[in-house]
Amino acid sequence: MQHDDTLMAMEFAGLSVYETWMHYCNVGGGIDYFEFDAYLHGVLGLDAEDADVVSQAVNELIDDVLPAEESRGKRAPYSWTGCPVPAPADRGDDGPVHAPSMSPGIPLPPGAPLELLDEILGSSVLNPSVAGGWA
């Protein structure tokens, strides 16, 4: 699951939950520290956008603290990389509680398909002057 792999990447790089949460807030994340910690430990579920902001923050910090050759394969996954999320029935409980998305949009993470950039530029996420409006 995405949160498990993200936490393992943090532990491999020696990142604390607090410093990672601080960076997450700096890149546009909108959940508080306790929700962030709960997500990493599988208690709270996030939607794909918020989970990807967490992964982005972790991967940026990994890039800062580890040489490239050491960080290969030790990175937080993104939602579109195919990490399977078991259905609540497979977990043996009701599954994690899902928090609402708090951020208005997320930066394009490294490795995102170019089609995603086209979608963002053509959407209402950006103000009309950037997206080609204001005729």
Side-chain angles (χ1 to χ4, degrees):
M1 292 175 61
Q2 187 174 0
H3 68 87
D4 288 330
D5 293 339
T6 300
L7 184 58
M8 285 188 348
M10 287 173 56
E11 290 170 349
F12 175 80
L15 302 173
S16 74
V17 174
Y18 183 77
E19 75 179 310
T20 306
W21 173 74
M22 291 293 294
H23 188 64
Y24 160 82
C25 291
N26 286 332
V27 297
I31 60 173
D32 68 32
Y33 173 79
F34 295 108
E35 292 171 321
F36 185 86
D37 190 43
Y39 162 71
L40 291 172
H41 292 92
V43 176
L44 178 75
L46 297 179
D47 63 29
E49 286 183 15
D50 286 328
D52 286 344
V53 176
V54 174
S55 292
Q56 176 186 347
V58 169
N59 289 334
E60 287 178 1
L61 289 173
I62 287 172
D63 289 342
D64 289 344
V65 299
L66 292 178
E69 59 275 353
E70 280 187 44
S71 68
R72 287 193 184 102
K74 306 292 193 272
R75 301 180 61 78
Y78 293 100
S79 61
W80 67 83
T81 59
C83 60
V85 178
D90 296 341
R91 290 173 43 99
D93 60 13
D94 292 336
V97 178
H98 288 276
S101 175
M102 302 293 279
S103 59
I106 61 170
L108 191 63
L114 289 178
E115 294 80 24
L116 182 60
L117 180 59
D118 289 337
E119 288 179 33
I120 291 171
L121 291 175
S123 73
S124 63
V125 172
L126 301 174
N127 74 40
S129 64
V130 176
W134 302 104

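Atom CZ in Arg75 sits 10.5 Å away from atom CD in Gln56 (nearest 0.5 Å). Here the CD1-CG distance, from Ile31 to Asp50, works out to 6.5 Å after rounding to the nearest 0.5 Å. How far CD of Gln2 is from CG of Leu40: 10.5 Å, rounded to the nearest 0.5 Å.
Phe12 places a side-chain heavy atom less than 4.5 Å from the side chain of Leu66. Counting only heavy atoms from C-beta outward, the side chains of Phe36 and Tyr39 never approach each other to under 4.5 Å. No side-chain heavy atom of Ile62 sits less than 4.5 Å from a side-chain heavy atom of Lys74.
Listed for the Tyr24 side chain is a donor-acceptor partner under 3.5 Å among the backbone atoms of Gly30.
For Phe34, the side chain to side chain contact (heavy atoms under 4.5 Å, CB included) partners are Asp32, not counting sequence neighbours. Every residue two or more places apart in sequence or in another chain that forms a side chain to side chain contact (heavy atoms under 4.5 Å, CB included) with Asp4 is listed here: Met1. Scored by the side chain to side chain contact (heavy atoms under 4.5 Å, CB included) test, Ala76 finds Thr6, Ser55, Val58, Asn59 as partners (sequence neighbours excluded). Among residues two or more places apart in sequence or in another chain, the side chain to side chain contact (heavy atoms under 4.5 Å, CB included) test is passed with Glu11 by Leu7.
Val65 and Met8 are members of different hydrophobic clusters when ILVMFWY side chains are connected at heavy-atom separations under 4.5 Å.
Glu19 and Leu61 make their closest contact through O-CD1, 4.1 Å (heavy atoms, listed as atom of the first residue, atom of the second, distance). The shortest non-hydrogen separation linking Glu60 to His23 is OE1-NE2, 2.6 Å.
Dense packing is recorded around OH of Tyr33, with more than 12 heavy atoms of other residues, nucleotides or ligands lying under 6.0 Å away.
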